A.B. asks: 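Before I ask anything, here is the structure I am working with.
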Amino acid sequence: MTIQKTNLKFSGTLSPIKKVTKIVVHHPAHPTWDIYEVHNYHKAKGWSGIGYNYFITKGGVQQEGRGKYIGAHCVGKNSYTLGVSFQGDFDKQELGDMQLKAGANLIAKLLREYGLQINDVVRHKDLAATDCPGKNFRFDDLKTAILHELNPNTIKHDVPKQQVENVQPKQEDLPKVTSLGDKYSFQVKAMQDTPVYEYANLSNRKKTLREGTVFSVYGYTYASWAVGGGGFVMMKHVDPVPVTLTTGGLNKGMEEEFRAFLKKEGIAAELNLNKTGNPSASITVQGLDLVKVRQFLDQKDWYYK
C-alpha cells in the first residue's frame with residue numbers, strides 16, 4: 001500500500017520531527033469527516049491544519065496529514081510521537097476490517113522506519129485524559145494485524161507434510177471470517193505465486209496458485225481472503241479486479257444520495273453520469289468497495305448490472 005499525498009495547505013511553517021518513540025492511535029470522533037474536513041476543523045481552532053500525521057479512511061486508503069512534521073494530536077507529546085487517525089467515531093461505529101488492515105500496514109511501516117516495537121503503539125487515552133479512539137476501537141485486533149505485517153512468514157514451508165497435515169487449530173484461535181456469499185463475491189488476481197492455506201490463521205499450506213491466476217473470494221479476515229473450495233490466501237499477495245457497474249438513470253436526489261454514500265464510506269471512485277441516450281450512471285470499484293456499492297444499490301432497490 002502507498003500513502004496518498006493530499007496536498008493539504010498549512011498555515012505557517014511546520015517543524016520536522018527528529019525523533020519518534022511512540023505511534024499514537026486516534027479517531028476524529030465524527031462519523032463521516034474525511035481528512036479535508038478534519039483539516040478545516042483544526043484550522044478553525046487556530047491550528048496550522050490537521051493535527052494528525054496520517055489518516056486512514058473507512059475504505060482503507062492511507063493518507064498523509066502532517067507526515068514527518070511535528071503534529072498536534074497529543075498535548076505535551078507531539079514532538080516525539082506520530083498520530084495516526086482512523087476515520088469515524090468509534091464510540092458509535094465499528095472499525096471495519098479493510099480500514100484495520102490499512103492502518104496496520106501503515107503502522108508496521110512506521111515501526112520499521114523508526115526502529116520501534118509493537119508495545120510502542122498506544123491509544124490516545126493511554127497518554128491523556130480522553131476516551132479516544134473510542135470504546136469500540138479494535139485495538140487488540142489492530143496490534144495482531146500489525147504483528148502479522150511485521151512478520152508475515154510465520155508458516156515454515158519446509159516442515160514435512162506428514163508433520164502438519166493433521167494439525168488443526170482450535171476454533172477460538174482462528175480469526176473471525178466475514179462471509180460475502182456468492183452474491184457479493186468478487187475476483188482477485190494473484191500478483192505472485194500465492195499459497196492457499198487450509199485455515200483462517202494461514203496455517204496448513206494446501207497448494208499454490210500461479211502468478212496471474214484470477215479467482216473468486218467469498219469472505220475475509222483482517223489479513224486474508226477466503227477462496228472457493230475452502231481455503232485462505234494472504235491479502236497482500238493479490239489485487240482485487242476492478243469492475244464497472246452501470247445503473248439506470250438517476251434523478252438529482254438519487255445522485256446526491258449516491259455521492260453522499262461514497263463520501264461516507266471513503267470510496268474514492270468517480271460516479272460518472274450519462275444523460276444522453278438511455279440515461280445511466282457508471283462507477284468502477286474493486287474489492288470490498290465493490291461489495292459496499294452493490295449492497296447499497298440492492299438496499300435502494302436500484303437497477304444495476
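The structure presented is a predicted model; accordingly, all values stated were derived computationally and were not measured. Positions are given from 1, in the same order as the sequence printed here. Keep in mind that the numbers below use all heavy atoms, side chains included, and drop hydrogens, waters and symmetry copies.
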A.B. asks: Give every donor-acceptor pair under 3.5 Å between a side-chain atom in residues 174-184 and any protein atom, sequence neighbours left out.
C.D. replies:
unit_1, atom_1, unit_2, atom_2, d
Ser179, OG, Gly181, N, 3.4
Tyr184, OH, Asp298, OD2, 2.7

A.B. asks: Show which residues join Leu14 in its hydrophobic cluster (side-chain heavy-atom contacts under 4.5 Å, direct or indirect), or state none.
C.D. replies: Leu8, Phe10, Trp33, Ile35, Tyr36, Val38, Tyr41, Ile50, Tyr52, Phe55, Tyr69
A.B. asks: When rounded to the nearest 0.5 angstrom, what distance separates CD in Gln192 from NZ in Lys236?
C.D. replies: 8.0 Å
A.B. asks: Calculate, to the nearest 0.5 Å, the distance between atoms OG and CG belonging to Ser280 and Leu273 respectively.
C.D. replies: 8.5 Å
A.B. asks: Under the salt bridge (Lys or Arg N to Asp or Glu O under 4.0 Å) test, which residues partner Asp131, sequence neighbours left out?
C.D. replies: none
A.B. asks: Take the angle between the ring planes of Trp47 and His42 and call it parallel below 30°, perpendicular above 60°, tilted in between.
C.D. replies: tilted
A.B. asks: State yes or no: are the ring centers of Phe215 and Trp225 separated by less than 6.0 Å?
C.D. replies: no
A.B. asks: Salt bridge (Lys or Arg N to Asp or Glu O under 4.0 Å) with Lys77: which residues, sequence neighbours excluded?
C.D. replies: none
A.B. asks: For the side-chain contact (heavy atoms from CB on, under 4.5 Å) test, which of His73, His26, Lys125 pairs with Cys132?
C.D. replies: His26
A.B. asks: Distance check, rounded to the nearest 0.5 Å: Asn78 atom CG versus Arg66 atom CZ?
C.D. replies: 8.0 Å
A.B. asks: Tyr54 vs Lys68, test: side chain to side chain contact (heavy atoms under 4.5 Å, CB included). Steps then yes/no.
C.D. replies: CA-CA 9 Å; Tyr54 300 96; Lys68 296 178 181 180; 3.8 Å; yes
A.B. asks: So which heavy atom on Ser185 is nearest to which on Val217, and how close?
C.D. replies: CB-O, 3.1 Å
A.B. asks: What pairs with Lys189 under salt bridge (Lys or Arg N to Asp or Glu O under 4.0 Å), at least two apart in sequence or on another chain?
C.D. replies: none
A.B. asks: Does Glu64 come within less than 4.0 Å of Lys5, counting only side-chain N to carboxylate O?
C.D. replies: yes
A.B. asks: Only one of Leu111, Ile118, Val122 passes side-chain contact (heavy atoms from CB on, under 4.5 Å) with Ile23; say which it is.
C.D. replies: Leu111
A.B. asks: Name all residues meeting the salt bridge (Lys or Arg N to Asp or Glu O under 4.0 Å) criterion together with Glu37; count only those two or more places apart in sequence or in a different chain, and write none if there are none.
C.D. replies: Lys263
A.B. asks: Would you mind checking if Arg123 and Asp126 are paired as a salt bridge, meaning a charged N to carboxylate O distance below 4.0 Å?
C.D. replies: yes
A.B. asks: Considering only heavy atoms from C-beta outward, does the side chain of Ile107 approach that of Leu142 to under 4.5 Å?
C.D. replies: yes
A.B. asks: Run Lys300 and Glu257 through side chain to side chain contact (heavy atoms under 4.5 Å, CB included) and show every step you take.
C.D. replies: CA-CA 10 Å; Lys300 295 297 176 182; Glu257 188 173 2; 2.3 Å; yes
A.B. asks: Would you please test Tyr304 and Leu297 for side chain to side chain contact (heavy atoms under 4.5 Å, CB included) and show each step?
C.D. replies: CA-CA 7 Å; Tyr304 71 95; Leu297 293 172; 3.6 Å; yes
A.B. asks: Quick check: do Leu110 and Leu116 have side-chain heavy atoms less than 4.5 Å from each other?
C.D. replies: no
A.B. asks: How long is the straight-line distance from CG of Leu150 back to CZ of Arg112, given to the nearest 0.5 Å?
C.D. replies: 5.0 Å
A.B. asks: Tell me, with the steps shown, if Ile3 and Lys109 meet side chain to side chain contact (heavy atoms under 4.5 Å, CB included).
C.D. replies: CA-CA 11 Å; Ile3 301 171; Lys109 288 187 286 192; 4.2 Å; yes
A.B. asks: Would you say Thr284 and Thr244 are linked by a side-chain donor-acceptor pair, where the criterion is simply a distance under 3.5 Å?
C.D. replies: yes
